[in-house]
Amino acid sequence: MDKIIISPSKYVQGENAIAAIAGYVKPYGKNPMVIADDFVTGLVGETAAHSFIEANMQFSMELFGGECSRQEIDRLQVKIDDDHNDVIIGIGGGKTLDTAKAIGFYKKIPVVVVPTIASTDAPTSALAVLYTPTGQFDQYLMIPTNPTMVIMDTTIIAKAPVRLLVAGMGDALSTYFEARANAASGKPTMAGGAPTLSAQALAKLCYETLLADGLKAKIAVENNLPSKAVMNIIEANTYLSGIGFESSGLAAAHAIHNGLTQLEEAHHLFHGEKVAFGTLVQLALENASLEEINTVLNFCYQVGLPTNLFDLGVKEIDLNKLMDVAIAACAEGETIHNMPFTVTPEAVVSAILTAHTLGLKKIIVCLCLYLINK
């Protein structure tokens with residue numbers, strides 16, 4: 001199996017980066033279309049427009065309708081044909097960015113994505129999730145190329161709710177452990193081959209960056225301030241995790257996330273919050289050392305990620321519901337089968353209960369130490 005790594009052509013990250021967007025986009029086209037929802041347009045629309053005007057570039061700005069649906073994609077493609085746009089720029093959250101990716105794929109034009117939050121590693125990926133106009137899942141659109149460019153404006157991202165940045169840390173937390181498991185099993189990655197050394201190194205650096213700077217970044221963002229730690233965590237959440245998951249592979253943690261969607265009590269959680277608990281379950285499933293599990297538990301506890309089922313919203317432990325989670329996580333085609341051993345639903349339930357119990361014990365220990373020191 002050939003080794004393959006895929007990534008955006010360019011990654012840009014810096015304070016007030018949107019103010020310089022025209023200079024970054026100009027090499028790829030002369031007449032971009034910018035799509036953003038009403039809130040994001042109010043937040044950064046004027047800044048982006050000023051950049052294009054200053055650069056003497058023709059451009060169009062269109063309001064994104066809210067769903068990455070075929071109807072919305074088709075509507076915006078008509079606009080692009082009418083205005084003869086040669087670059088598509090998506091500014092905002094995941095559905096806006098995925099719409100831009102899909103339009104770029106169908107129109108065969110460069111794609112620039114500008115996330116206004118750092119809550120997942122999806123911006124760098126060659127994937128778009130399509131929904132119906134009413135918000136139900138429709139299909140995954142597998143795109144043969146990654147976005148042409150990703151621009152991260154750290155000033156905007158640092159002002160977003162801190163929970164979103166922490167959720168991004170939860171998503172990124174799984175990257176190293178899933179990459180490690182995928183490499184051990186020898187299964188192909190989402191890039192379509194074996195992982196490269198560079199992709200595995202990025203996955204490991206992602207984990208190390210989270211441990212070093214996660215708590216410091218959370219404190220800064222709680223005060224709506226940028227810092228070097230925030231810059232590092234934005235890169236970890238987006239680029240390191242994005243390249244790491246796509247070119248090093250997914251395993252149990254994301255499959256557990258998918259299984260957790262069976263729990264109605266957990267529907268209020270962000271993707272990365274459920275992935276964080278899925279990471280703990282994966283570690284229990286592979287019988288990782290208590291030292292490694294405790295390191296991950298400490299990190300989750302410090303930044304505010306779920307460490308047990310009660311944190312997910314579960315009121316009482318129901319083994320039948322947990323079996324439903326496990327069966328969904330072990331469905332045919334799920335990434336849990338990238339683990340380097342056979343996984344059964346029974347083993348998953350056992351791992352969920354182990355992770356849950358260890359998470360509760362960690363909280364009790366921390367509370368006891370707090371009371372003693374007080």
query: Is it true that H356 and F310 have ring centroids separated by less than 6.0 Å?
result: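 Between F310 and H356, which both carry aromatic rings, the centre distance is below 6.0 Å.
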
- prompt: With a 3.5 Å cut-off and no angle check, do the side chains of Q136 and T134 form a donor-acceptor pair?
  reply: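 Indeed, the side chains of Q136 and T134 share at least one donor-acceptor pair under 3.5 Å.
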
- request: Please step through salt bridge (charged side-chain N to carboxylate O under 4.0 Å, His left out) for the pair K216 and D213, ending with a clear verdict.
  value: CA-CA 5 Å; K216 291 180 287 183; D213 289 330; 2.9 Å; yes

- prompt: Would Y106 and I80 satisfy side chain to side chain contact (heavy atoms under 4.5 Å, CB included), going step by step from the backbone distance to the final call?
  reply: CA-CA 11 Å; Y106 289 122; I80 282 178; over 6 Å; no

query: Where do M169 and L173 land on the side chain to side chain contact (heavy atoms under 4.5 Å, CB included) test, with the steps shown first?
result: CA-CA 6 Å; M169 294 188 219; L173 181 62; over 6 Å; no

task: Would you give the length of the straight line joining atom CG of D171 to atom SG of C206, rounded to the nearest 0.5 angstrom?
output: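 So the CG of D171 and the SG of C206 are separated by 9.0 Å.
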
Heavy-atom check, side chain of [X] versus side chain of [Y], under 4.5 Å:
| X | Y | result |
| --- | --- | --- |
| Q302 | K218 | no |
| K274 | T261 | yes |
| T96 | V113 | no |

field: NZ or CZ of K10 within 45° of Y24 ring axis and under 6.0 Å
entry: no

query: Backbone N or O of P8 within a donor-acceptor pair of the T124 side chain at under 3.5 Å?
result: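 Not confirmed, T124 side chain does not pair with P8 backbone.
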
task: Count the heavy atoms belonging to other residues, nucleotides or ligands that lie under 6.0 Å from CZ of F39, then report whether that count exceeds 12.
output: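 Counting neighbours around CZ of F39, 12 or fewer heavy atoms of other residues, nucleotides or ligands fall under 6.0 Å, so no.
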
message: Assess the residue pair R75 and E62 against the criterion (side chain to side chain contact (heavy atoms under 4.5 Å, CB included)); give the C-alpha distance rounded to whole Å, side-chain angles, the decisive distance to 0.1 Å, and a yes or no.
response: CA-CA 11 Å; R75 180 183 74 83; E62 290 291 333; 4.2 Å; yes

task: Evaluate the criterion salt bridge (charged side-chain N to carboxylate O under 4.0 Å, His left out) for residue pair D81 and K107; output intermediate values, then yes/no.
output: CA-CA 9 Å; D81 290 338; K107 299 305 295 182; 2.7 Å; yes

Sequence neighbours left out, cut at 3.5 Å: what donor-acceptor pairs do the side chains of residues 51-59 make with other protein atoms?
{"residue": "S51", "atom": "OG", "partner": "A19", "partner atom": "O", "Å": "3.2"}
{"residue": "S51", "atom": "OG", "partner": "I21", "partner atom": "N", "Å": "3.4"}
{"residue": "S51", "atom": "OG", "partner": "A22", "partner atom": "N", "Å": "3.0"}

- prompt: Going through the checks in order, is the side chain to side chain contact (heavy atoms under 4.5 Å, CB included) test met by S174 and F245?
  reply: CA-CA 9 Å; S174 71; F245 98 79; over 6 Å; no

field: Exercise: identify the closest heavy-atom pair between N182 and S248
entry: CB-O, 3.4 Å

V166-I156 co-clustered via ILVMFWY side chain contacts under 4.5 Å: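 Hydrophobic grouping puts V166 apart from I156.
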
K79 vs D82, salt bridge (charged side-chain N to carboxylate O under 4.0 Å, His left out): CA-CA, chis, key distance, verdict: CA-CA 5 Å; K79 293 282 188 181; D82 290 343; over 6 Å; no

Counting only pairs under 3.5 Å, give me each side-chain donor-acceptor contact of residues 279-289, with atom names and distances, residues two or more places apart or in other chains.
{"residue": "T279", "atom": "OG1", "partner": "V275", "partner atom": "O", "Å": "3.0"}
{"residue": "Q282", "atom": "OE1", "partner": "A252", "partner atom": "N", "Å": "3.1"}
{"residue": "Q282", "atom": "OE1", "partner": "A253", "partner atom": "N", "Å": "3.0"}
{"residue": "Q282", "atom": "NE2", "partner": "F177", "partner atom": "O", "Å": "3.0"}
{"residue": "E286", "atom": "OE2", "partner": "R180", "partner atom": "NH2", "Å": "3.0"}
{"residue": "S289", "atom": "OG", "partner": "E292", "partner atom": "N", "Å": "3.1"}

